[in-house]
Structures are given as structure tokens and as C-alpha cells.
Amino acid sequence: MDWDRLLNSAWEVRDHAYAPYSKFAVGAAVLSADGRVFQGCNVENLSFGLTNCAERVAIGAAVAAGCRDLMAVAVVADTATPISPCGACRQVMAEFGVKAVMMANRQQRMEMSLQELLPRASEGILDS
Ligand code: THU
């Protein structure tokens, strides 16, 4: 996995974060199975619940480009400890087959599998 490529891409797009309410800028980059990289930043809203996380914005960009088979996500923020994706983003990663997640701040990187971050993501749902 070329984590440097994904992390650089995530730091780059973080500059575009729209976070006037939290002042907390996040960048994310997604690697598709065919080797393409898609970027996302958080996009906040005055109605706080409508905020989109960087990870879901990046995944949405991939899907809009026709890439539904996703491999890895990098997410970055200027935090004391590496940022951790929210539960909603983990579930959306599972939807599109993401296997590995790299979480980073300026000094540290932490890699985890999506299986570790979200065990039993879809077992039983819509089964009969
Ligand atoms: N946020 C993300 O974009 N990704 C994460 O993994 C955690 C949180 C955003 C949402 C909101 O704009 C701000 O960070 C504070 O929660």
C-alpha cells in the first residue's frame, strides 16, 4: 500500500475544509481498486447535523466517478493523537469494501483494518 501517496493527498485536500463552526479541518483520500485516488474534506453546515465528514466526501467523489470498489482510506487532522473516523463513516467504508484505514496527525500514523474498526459491519442485515 502506498500510504505516502494517500496521506499526501489527504493533507493537500485538508486545506479546502469548510469548518467555520468547529474550526477543525479534516482531509481524507480514498484509493480505488483500479489505483485512482479521490479526495474529500469536511463540509460543515449551520445546521450541524448536516455536516459531511471528509471520509464520506471522498467516498462520494469516488462513487460519482464510477469507482465503487475501494481499498483504503487515509484520514488526517492536526490533532494530538491520530484522528479516528466516526461510526457513520466506518459503515460507509464497509459499503464499498474498504479494507485498510490509515489515521494520522503531523507526527504519527496509525493503521487499522476496517474489520478492527467495525466488526460485523453487515452480518445479518437484510438476511432472511
Ligand atoms: N470530522 C471528519 O471530517 N472526519 C472525522 O473522522 C471526524 C470528524 C469532521 C466533522 C466536523 O466537521 C468536524 O470534524 C468536528 O467533528
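What you see is a predicted model; the values in this text were computed from it and never measured. In what follows, every heavy atom counts, from backbone to side chain, and hydrogens, waters and symmetry copies are set aside. One-based numbering, in listed order, for ligands and for the atoms of each.
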With a 4.5 Å limit on heavy-atom distance, are the side chains of [X] and [Y] in contact?
X     : Y      : value
Lys99 : Leu114 : no
Arg36 : Phe38  : yes
Ile83 : Val26  : yes

Under a 3.5 Å threshold, I'd like every N/O contact between ligand 1 and protein atoms, with atom names and distance.
{"residue": "ligand 1", "atom": "3 (O)", "partner": "Ala54", "partner atom": "N", "Å": "2.9"}
{"residue": "ligand 1", "atom": "4 (N)", "partner": "Glu55", "partner atom": "OE1", "Å": "2.8"}
{"residue": "ligand 1", "atom": "6 (O)", "partner": "Glu55", "partner atom": "OE1", "Å": "3.4"}
{"residue": "ligand 1", "atom": "6 (O)", "partner": "Glu55", "partner atom": "OE2", "Å": "2.5"}
{"residue": "ligand 1", "atom": "12 (O)", "partner": "Asn42", "partner atom": "ND2", "Å": "2.9"}
{"residue": "ligand 1", "atom": "12 (O)", "partner": "Glu44", "partner atom": "OE2", "Å": "2.5"}

- Separation between CG of Leu118 and SG of Cys89, rounded to the nearest 0.5 Å: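 Interatomic distance, Leu118 CG to Cys89 SG, rounded to 0.5 Å: 11.5 Å.
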- Hey, what do you get for OG1 (Thr79) to CD (Gln108), rounding to the nearest 0.5 Å?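 Between Thr79 OG1 and Gln108 CD, I get 8.0 Å after rounding to 0.5 Å.
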- Neighbour count >12 (heavy atoms, 6.0 Å) for atom CZ, Arg68: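 It does not: Arg68 CZ has 12 such atoms or fewer within range.
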